[in-house]
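The block underneath contains the structure these notes are about, expressed in C-alpha cells.
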Amino acid sequence: MADPPLRITDLAFAFPGADWSLSVPVLSLAAGEHALLVGGSGRGKSTLLQLVAGLRDASAGSVEVAGVRISALRGAARDEARGRRIGMIFQTFNLLHGFSAAENVLAALMFSELPAAEHGARAEALLGRLGIPDPDADVDRLSVGQQQRVAVARALAARPALVLADEPTASLDPANAAAAMDLIQEACRADGAALLCTSHDPSLRSRFARTESIDPFIKGGTS
Amino acid sequence: MSARTLTDWQIVVRSLRARPLSTWVTVGMVATSVALLLVLLGMRSSARSAFDRGSGNMHLLVSSDPSPLVAVLNGIFYANPPANPITWAKYQQIRGSFPWQWAIPTQQGDSYRGYPTMASTRDFLEKFEPVAGEPWKLATGRAFKRPFEIVLGAAAARGTGLAVGQQVFLTHGSGQSREGADDHAGHVHTEYPFTVVGILEPTGSAHDRAILIDLESSWILHAFDRREREGSHAKVTAADLTEADRLVTGILLRLPTRAGSEASAAMQQQFDTLRRDTSIVVAQPAQQIERLFAIVANVDGLFIGMAVVVLVSSAVSTMLALYNSMAARSRQIAVLRVLGASEGRVFGLVLTESLLIAMAGGAAGIVLALVGGMAASAWLRAAVGLVIDPSLDPRSSVIVLGGTIALGALAGVLPAWRAYKVPVADSLRPAA
C-alpha cells in the first residue's frame, strides 16, 4: 500500500512561555483526501500546518509526508522534502513580487524533482488550466483573483502529495471565498493531491467530506 | 512564455533590479573607488617613467648647483635657472679629462613668455637624445646654424603660438611669469632679436618646454648686459667675448659604451673622479630621480591608502545597502524557503548579490580608470608636456579586481547571514 500523504503520530509542540500546547496523537490523510481543520482564530491551526511543513520543530512525535519523516529531517534535507512533497497556499498568497506569474510557478519547480526541461511546459499548463491569460505578466499587475490562481498553481507545481491551505478565504467575501475554494479543491483533485485546509469559517464544512477540529489537540489556554 | 526555467542567477538579478537606485549607487561607489585606486597605481608607475624621460642618453650631469638633486631638477626639468656658472676653462678641463663620447655645455637663464631657454651647441640637438634611443625630430624647419636662431620645443611652440620665421626678444631670467603669459618681469633683450627656424616634435620630456638657442648667442646677450651695467651701450659681437662671458651652467656627459648598450663600465670611476672636484656638483640623473621618488613615496603611499579606504567604504556601503534591504525582503526569503530553498541557498543568493555588485563595480571601475587615465594623460601632455601612459598595469588591475571581489564577498556575509536566519513561519504571517 502506498504511503499516505500525511501521517501525524504523537506530535507535541508548545511555544516557549505559552499557557497552551499542541498535542496530536494521530492525524492522517488518505491519498487525494480533502480535510478541513476548523477552530477559532489563534487556536493553533496555522501552527499545526507549520509543523507539518517542517517550518517549526515539534518537541515530540513524528510528521510523515508521503513516506518521508519530515520531523526527523534537518536543514537542507527537510527543505528539499518540503519543496518536493508539500504545496502551501496562504491567506495573503505570498507571491514573489517583481516576478511574473510564470516565474512564481517556476520558482516552486526549481526545488522539485521535475527535470528542468519540463518546467516551462508544467508552468504553462498549470497557469493555462487556472485561467491566467498572460503568464509573463508581473504578479503585481494581476487582479486579486488572478493572484490567488497563481498561488494555487505554484502550490501544485511540484506535483506535491499534500497541499496545505492556511485560511485561504479569510480575507474574501462569501461569494469570492466559495469561488476560491472551488478553485483550490478542483486543482488539487485534478492533480490528485491531498488537501488539509484550515479555516475559522464554519460555512466551508459542507465542502469537505471530513472536518477536524483543532480543539481536541489543544491543551491548556482559554478553550 | 519567455521564461522556461528560473535559476538562482535570475533571482539574484531580479532582486538587484527591484532596488535600482540602491544597486546603481552602490555599483557606482565601487566603480569610483576601483578607478581611483587603479589610476593612482597606474599614475605612480607612469609618472616614474615620465620622470625617467628627459635625462635621455646622458650618463652624468655637471653643474654648480647646491646638490646633485637640484642639478637634475634645474638641468633636466627646468625647475629654476642654475645660479652658479661654470667657467669655460673648467668645461674644457672636464672635457679633456676623459675620452668622453660627448661633453655638451649648456647655459640656462633666459626665457620667453615663461618658457626657459636652453643655450647649447649643435651637439645638444645632434648627439644628446632627450629620451634614450629617441633622437630629436624636427616637426618643421631646421636646427639652428647661426647665432640668434631659435628652435622651439613642442610645448613651447604650442604655448607661445610662435611659427618658423617669427622674431622674438628673449627675457633675462625666468620663473617670473606663467608660461605663455607676456613677460615684463625681467629685462628684455630688445637689442638682439631671435628668429624661429625650427619646431621640434614632442618628446614627452620636460625639454618640450625649452627654447633652444646656440651658446654663443646666449654669451653675447649676457656680455651686452654686463657691459651695459658697466656703462657701455655698444653692441657686442662674438669677437668681443672674453673668458668672463664664456660661462656655462651645465655639462652633459656621456661615456663610451659598447654598441647597443646604455651602460658604461667606467661610469662609477668617472663619477667618483669628478666628485673630488669641490667646485662642481656631479649627478647621475637616474640615481637622483630615484632619490626624488623616495622623497615623494610617503605622499604617494598616503594617496594609495586613501584610495584603499574609499574602496573599503564602498564595501561597507554595499553591506549596509544589502543588510537594510533584508528587512523588506524577509517575506520573499521565507517564501523561497517554503518552496524548498535551503538556508545555505538563500545565504548564497544574497552573497552572490554582493559579489555581483563588486564585480560590476570592478569592471566599471576598470573602464572608468581607462577613460579617466586617457583624459588625464591627454591633459598632462598638453598642459605640461608630461607623457603618462594611460594603460593600466595588468598585475595591479588583477590585484585590485581580486581585492574588490574579496571585499564584496566579505560585505555580503552579514546580510547573507541575516537571510540565513530569517524566521520562516513568522515572516509569512499576514501583515497586521
Side-chain angles (χ1 to χ4, degrees), chain A residues 46-47 49-51 53-56 75-88 90-112 115-121 123-124 127-128 134-136 151 154-155 157-158 164 166-167 170-171, chain B residues 1-24 322 325-353 416-417 419-432:
Chain A
S46 296
T47 304
L49 293 198
Q50 289 161 2
L51 286 162
L55 300 177
R56 293 192 189 278
R78 183 190 279 189
D79 297 319
E80 184 184 88
R82 176 172 56 249
R84 292 178 175 185
R85 286 169 173 76
I86 300 171
M88 290 192 82
F90 303 92
Q91 179 187 332
T92 51
F93 316 144
N94 281 327
L95 295 176
L96 294 170
H97 295 282
F99 289 74
S100 71
E103 286 168 339
N104 266 273
V105 179
L106 289 168
L109 288 163
M110 277 176 80
F111 308 102
S112 72
E118 295 175 22
H119 289 187
E124 199 165 7
L127 290 168
D134 180 10
D136 292 327
R154 187 179 68 183
L164 304 173
D166 191 8
E167 300 278 5
S171 55
Chain B
M1 189 171 66
S2 56
R4 309 305 297 181
T5 55
L6 193 67
T7 60
D8 286 18
W9 177 256
Q10 284 172 293
I11 293 174
V12 166
V13 171
R14 202 56 64 86
S15 296
L16 289 171
R17 279 170 53 184
R19 309 183 308 280
L21 183 67
S22 162
T23 300
W24 286 117
L322 283 174
S325 75
M326 284 302 132
R329 293 163 65 192
S330 60
R331 184 179 291 268
Q332 179 187 329
I333 289 161
V335 169
L336 286 172
R337 293 290 315 283
V338 164
L339 295 178
S342 65
E343 291 165 324
R345 197 145 171 185
V346 295
F347 184 94
L349 288 172
V350 176
L351 199 66
T352 307
E353 281 186 36
W417 179 251
Y420 183 94
K421 299 300 285 181
V422 159
V424 180
D426 294 335
S427 300
L428 292 170
R429 282 184 184 150

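Here the structure is a predicted model, which means the values were calculated and not measured. The figures here come from the full heavy-atom set of this structure, side chains too, leaving out hydrogens, waters and symmetry mates. In the text below, chain A, chain B and the rest are named by the order of the sequence lines, each starting its count at 1.
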For chain A, the option from B:A18, B:A425, B:S15, B:A334 that forms the most heavy-atom pairs under 4.5 Å: B:A425
With sequence neighbours excluded, residues passing side-chain contact (heavy atoms from CB on, under 4.5 Å) with B:S330: B:V422, B:S427
By side chain to side chain donor-acceptor pair (under 3.5 Å) - contacts of A:E167 (at least two apart): A:K45, A:H200
Residue part contacting chain B, namely of A:Q50, when any heavy atom lies under 4.5 Å: side chain
Contact origin within B:V335 toward chain A - heavy atom pairs under 4.5 Å: side chain
CZ-CD distance between A:F99 and B:Q10, expressed to the nearest 0.5 angstrom: 8.5 Å
Interchain contact, B:R345 with chain A, by part (heavy-atom threshold 4.5 Å): side chain
Under-4.0 Å salt bridge between B:R4 and A:E124: yes
Exercise: identify the closest heavy-atom pair between B:R337 and A:D79: NH2-OD1, 3.1 Å
Value rounded to 0.5 Å, distance of CZ in B:R331 from NE2 in A:H97: 7.5 Å
Winner by heavy-atom pair count (cut-off under 4.5 Å) against chain A, out of B:P423, B:G344, B:S342: B:S342
Atom pair CG (B:L428) and CE (A:M88), whose distance is rounded to the nearest 0.5 Å: 7.0 Å
Rounded distance (nearest 0.5 Å) linking atom CG of A:N94 with atom CG of B:L339: 9.5 Å
Test: B:D426 and A:R56 ion pair at under 4.0 Å: yes
Residue A:R154 versus chain B: region with a heavy atom under 4.5 Å: side chain
Euclidean distance, B:L6 CG relative to A:L96 CG, rounded to 0.5 Å: 8.5 Å
Between CZ on residue A:F90 and CZ on residue B:R429, distance to nearest 0.5 Å: 13.0 Å
Toward chain B, the part of A:A53 with a non-hydrogen atom under 4.5 Å: neither
